[in-house]
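In what follows, a single structure is set out as structure tokens and then discussed.
Note that the structure is a prediction, hence the values are computed from the model and not measured. Just so you know, ligand 1 is whichever comes first in the structure, and atom 1 is the first atom listed for that ligand.
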Amino acid sequence: MPEKSTAQQPGPKADKAADFLDTPVEQLPQVASRRLQLLHKLEIYTVYDLISYFPRNYENWSNILPVDSLKDGEAGSFTAVVRQKPSLQRKGKLSILRAVLSDGSGTIRAVWFNQPYLLQKLVKGETYFFRGKIRRDGRNFDVTNPVIESGEQDGSFLIRPYYPLTKGLKQGVLRTLIEEAVQPAIPFIKEPLPAVIRREEKLCSAGFAYEKIHRPSSEEELEIARKRLIYEELFLVQGGLRWMKMSSRKDEHSFSVVLSAGQKQLCKAAVSRLPFSLTDDQRLVCRDILADMGKGIPMNRLVQGDVGSGKTIVAAIAILACALCGKQSVFMAPTSILARQHFRKLSVFLEGTGISIALLLGSTPASEKKRIRADLASGALLVLVGTHAVLSDKIEFAGLALTVTDEQHRFGVRQRSSFLDKENMAPHTLVMSATPIPRTLALILYGDLDISVIRQIPSGRIPIETYTAASSDEDRLYGIVRRQVEQGRQAYYVCPVIEAQDEEEAEEDSGLMSAVELYSHLAQNVFPEYHVGLLHGGLKPSQKEDVMERFVSGEIQILVSTTVVEVGVDNPNASLMIIENADRFGLSQLHQLRGRIGRGPYRSVCVLKSDKMEGIAQKRMQTLCSTANGFEIAEKDLELRGPGDFFGTRQHGIPALRIANLYRDTDVLSRVSKALDRIFEEDPFLESPSSGVLIPAFLQRFGSEINHPSL
Ligand code: ADP
Ligand code: MG
């Protein structure tokens, strides 16, 4: 007896209920282990995830017709009475349930295969809603396996949600699971959107939205729910990122880099020694950077510029400014080859200024490394160039003012620097990216990172010509390769995979060209007289370096590679690139890839090879052939592909969007952005009680992907 009364106490029950949204789905009655795996595949872990798993589309069943108006061959909805007790017949494993239905206008025969349980559901004399594919022969109507809904409902089943599925999970199962979780979950949904915003934007409540997105009674309700959820999603994702960034910057100070008149002169003199003059865009970006670095708070700026737009010199000027003020800078590159190249260019640029510079790579001898570290700690060394990998070790600086990260799109933006500054100052950060991220996406990706764009390409470049081709053009392409090599040029072949078996696609897509395969084919059968090289991510870093060096030096004439060449060195002598299975790459990725050629004074050609040049694939390839503008291409990519995992946002720790679409919902995104500006302006670290509801909402939306220093 006492046991029973304890069990009925409201305390523990209420507690459990308070956590309902965070309840793991395995605690729901219908979720057994097999189903759990499938749900996890869809990234559904908690009840919150389940109710935030939104339909991909809906069918509107509300056009209910009299039976005699139903059309042959079409899906139709009707309400009708069950005339006699349905009959159930079994033939071996097969069960057949038959019923005769009528509505006054006519009679229709219904049959259900292997759904014997419907016998209990269909009561003679009762009225139900039916939906199914109609067959009509004169006055005879038939319907097979129609969906049944009881007539007493409110009609909310008439707009039928369809969810994205995974193999093994049935639409009906998932729909029921979600339906049964939504009702009990609604009372626990907290309203994360401030009342002012909801009023201004005319947004419905959270509870209403979550209920109606799964079970709308009308198209209008569905629209109201969608509008709110799109806003909410963009608000939580963007707001969460800003909050993470703000809190990581709290109480940070940086050196303010302000040049005296004399130092400005020195800076101008170095620029005037360059063999070219800066473009207007380069000048503007330098001005942005110097203004940022003049403040005592850390700069956090992204410089975007298409391949070849001249970002390096902008970084070099920022480094020079710091060095003239006696402060240190670090320049990080993704590969040793790039680091070496930057080191050479920077050394030339700094010549005659007396500013000390060093290069630190994995292969740098230990004694040299030791000396560099000591000079950084003492302040004797002002500029350090190296790879991201090497510089992720703890390094001590006398006064670090600036870190420059080149080709950031390959790395997590929110990677914390591990540099220690003796004066406990946070460095200014400058991030250089050739990925032309559309503004809308940058707002999400980079939160409150400031963005500068270099749109102009220095004059005098010969544009790359881009064409499409199919496998049947192979021999002709070999001829083109041969002509280029005979003229002393070099060529790239790019493949989507390393080896035929290394990707799961292998079995479903046998037409995929692998780098290893193509390499041996070209080296042995097609171009035995030339030096063919192979480069891919499976090689050791030292092997990759070696291959790249031999390609740059001209020894390797034809380089077969995977996308590892995407972030790579200048080889101005390479004039031809053939991309296999081009339809398999993102548009922006293809644009990056072709940026490897056309870097010298030669006419350059990029060939997009694919045997799937239809529909969207064809449109995508045409975009590349018709424009060389990386931003236009990125916008088009977003439009044609949808934003699912654009530019690998997942790698950046940003949750996949569930309902908002960055291409379609640009307007909402910029309104959200403005609303967040106001919130963060008033309360930068979300410390006031009125912001209290926001942080838990961000945490819930980001789930395990949260990346916050306080956690
Ligand atoms: P990216 O933006 O792809 O990093 P780089 O900084 O490597 O481009 O510059 C590409 C090439 O253009 C380099 O050889 C560089 O010296 C040259 N360059 C940079 N700015 C200019 C300019 N204003 N005019 C002419 N050439 C330039
Ligand atoms: Mg560069």
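- Applying the side-chain contact (heavy atoms from CB on, under 4.5 Å) test to A401 and every residue at least two apart in sequence or in another chain returns F255, V257, C322, K327.
- The existence of a salt bridge linking R603 and E465 is confirmed by a sub-4.0 Å separation between a basic side-chain nitrogen and an acidic carboxylate oxygen.
- The side chain to side chain contact (heavy atoms under 4.5 Å, CB included) with R594 is formed by just one residue from the set T466, L608, V494; it is T466.
- Every protein residue with a heavy atom nearer than 4.0 Å to ligand 1 is included here: F276, S277, L278, T279, Q282, D306, V307, G308, S309, G310, K311, T312, K345, P458, R461.
- The pair R483-E486 does not count as a salt bridge, with every side-chain nitrogen at least 4.0 angstrom from each carboxylate oxygen.
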Using side-chain contact (heavy atoms from CB on, under 4.5 Å), reason through I313 and F349 one step at a time and then give a plain yes or no. CA-CA 9 Å; I313 188 62; F349 180 64; 3.9 Å; yes
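- The two residues C495 and V560 make their nearest non-hydrogen contact at SG-CG1, 4.3 Å.
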